[in-house]
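Scroll down for the structure; my scribbles are underneath it.
Along the sequence shown, residues are numbered consecutively beginning with 1. Computed from a predicted structure; not experimentally measured. The analysis underlying the following values was restricted to heavy atoms, covering all of them including side chains, and did not include hydrogens, waters or symmetry mates. Note that ligands are numbered from 1 as they come in the structure, with each ligand's atoms numbered from 1 the same way.
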Amino acid sequence: MKPLNRNDVCWCGSGRKYKKCHEAFDQQIEHYRLKGFQVPTRAMIKTKAQIDGIRESGLRNIEVLDTVAAKICAGMPTSEIDRIVEETTRKLGGIPAPLNYEGFPKSVCSSINDQVCHGIPSENDILQEGDIVNVDVSTIYGGYFSDSSRMFIIGETDPAWKKLVEVTHEAVIKGAEIVKPWGFLSDVAQVVSDIAKANGYSIVREIGGHGVGLEFHEDPWVGYTEPKEPGLLLAPGMVFTVEPMINMGLPDIFQDEENGWTIYTEDGSPSAQWEVTVAVTENGHEILAY
Ligand code: MF3
Ligand code: CO
């Protein structure tokens, strides 16, 4: 990379002079890189204007989830969740990001009980009293991507299942709240894995979170199992998801061979997931979709 002069326009796309924009940032990154830490690439750093766009997208994503929350109930086929998500997203001026994404056939993922993630809405999957279901909504609005998911408990469920849902929520919120500039991605994994472990749960290893904003799935990949190393340095302008999948039983999973998407727990135990999109700010973090 050719070094910029202080009066050159910054590499980030803000249009500002380098010295008034990312010069100090680059010095900080270089400081950590020389110490041997993994540091973010420039492609991972968003401008304020881009984060504003992702926030607008996230507000629509939240509204779509709120609409699902108001309507979801026992007896509803998951195809109806898909219909609500598609209709609401389009009414808000957005596009459902999952639709046709790598061949995914629907506008939302709906994953019930032992389905870990990537459940495909179907008229044959009818929500039953006691089910726990993850509804994973992702929106493209103004060209920006946002991604968040919630768990819904249908009527009353087994107290142990309710606890799984609540603990997973706590893990995601506390994981997102630890995010700050010049921290590390492993801070999130440490918080999430400590909470899961303290409750006797396990964390899915193979599937993680991701950078998001200009694309649906960007670098970095974000894991939530007990970290062995600090991992990637966090810097202002990064935007990624916190979305651990937490199993009541063993961490092992398998993929549905017929549809090529849906992931299940190997032991049939229930799994929960919540997801937020979080930005690293100058002073801490901002949750952009919840
Ligand atoms: N929304 C999922 C995530 O959190 C991705 C689903 S990919 C899809 O990353 F194609 F199934 F939608
Ligand atoms: Co995601």
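- Between Asp26 and Arg42, at least one side-chain N (NZ, or NE/NH1/NH2) sits under 4.0 Å from a carboxylate O, which counts as a salt bridge.
- The Co ion (ligand 2) lies at the vertex of an angle of 160° between the OE2 atom of Glu243 and the OD2 atom of Asp147 (rounded to 10°).
- Partner of Tyr101 under the ring pair (Phe, Tyr, Trp, His ring centres under 6.0 Å) criterion, out of Phe145, Trp261, Phe216: Phe216 alone.
- Which parts of ligand 1 touch Asp136 is read off a 4.0 Å heavy-atom cut-off, strictly below it: atoms 1 (N), 2 (C), 3 (C), 4 (O).
- Residue-to-ligand polar distances keep His118 apart from ligand 1: every N/O pair is separated by 3.5 Å or more.
- Between Asp52 and Lys46 there is no salt bridge, since no side-chain nitrogen of the basic residue lies less than 4.0 Å from a carboxylate oxygen of the acidic one.
- Within the listing of ligand 1, atoms 3 (C), 4 (O), 9 (O) sit less than 4.0 angstrom from a heavy atom of Glu243.
- No N or O atom of Tyr101 sits closer than 3.5 Å to an N or O atom of ligand 1.
- Closest to atom 5 (C) of ligand 1 by heavy atom, among His217, Gln273, Glu275, is His217.
- In this structure, Lys163 does not pair ionically with Asp158, as no charged nitrogen and carboxylate oxygen lie closer than 4.0 Å.
- The closest approach between Glu102 and ligand 1 stays at or above 4.0 Å for every heavy atom of the residue.
- At a 4.0 Å heavy-atom cut-off, ligand 1 touches Pro98 through backbone and side chain alike.
- Summarising the geometry of Gly237 relative to Ile51, their closest heavy-atom pair is CA-CD1, 4.0 Å, with the distance given to 0.1 Å.
- When each atom of ligand 1 is checked for a heavy atom of Ser138 under 4.0 Å away, the hits are 1 (N).
- Ionic pairing of Arg83 and Glu80 is present here: one or more N-O contacts between side-chain nitrogen and carboxylate oxygen are shorter than 4.0 angstrom.
- The minimum heavy-atom distance linking Cys117 with Gln273 is given by the pair CB-OE1, 3.9 Å.
- Of all the atoms in ligand 1, the ones that sit under 4.0 Å from a non-hydrogen atom of Phe216 are 1 (N), 5 (C).
- Judged purely by atom type and a 3.5 angstrom limit, Asp125 has no side-chain atom pairing as donor or acceptor with the backbone of Pro121.
- The two atoms that bring Val137 and Val85 nearest to each other are CG2-CG2, 4.1 Å, heavy atoms only.
- Nearest N/O/S atom of Glu275 with respect to the Co ion (ligand 2) is recorded as OE2.
- Only the side chain of Asp147 comes within 4.0 Å of ligand 1, judged by heavy-atom distances.
- The nearest N, O or S atom of Asp136 is not closer to the Co ion (ligand 2) than 2.8 Å.
- Backbone and side-chain nitrogen or oxygen atoms of Trp261 are examined, and none is located within less than 3.5 angstrom of a nitrogen or oxygen of ligand 1.
- Taking backbone and side chain together, His210 holds an N, O or S atom under 2.8 Å from the Co ion (ligand 2).
- Across all non-hydrogen atoms, the minimal contact from Ile153 to Thr157 is CG2-CG2, 3.6 Å.
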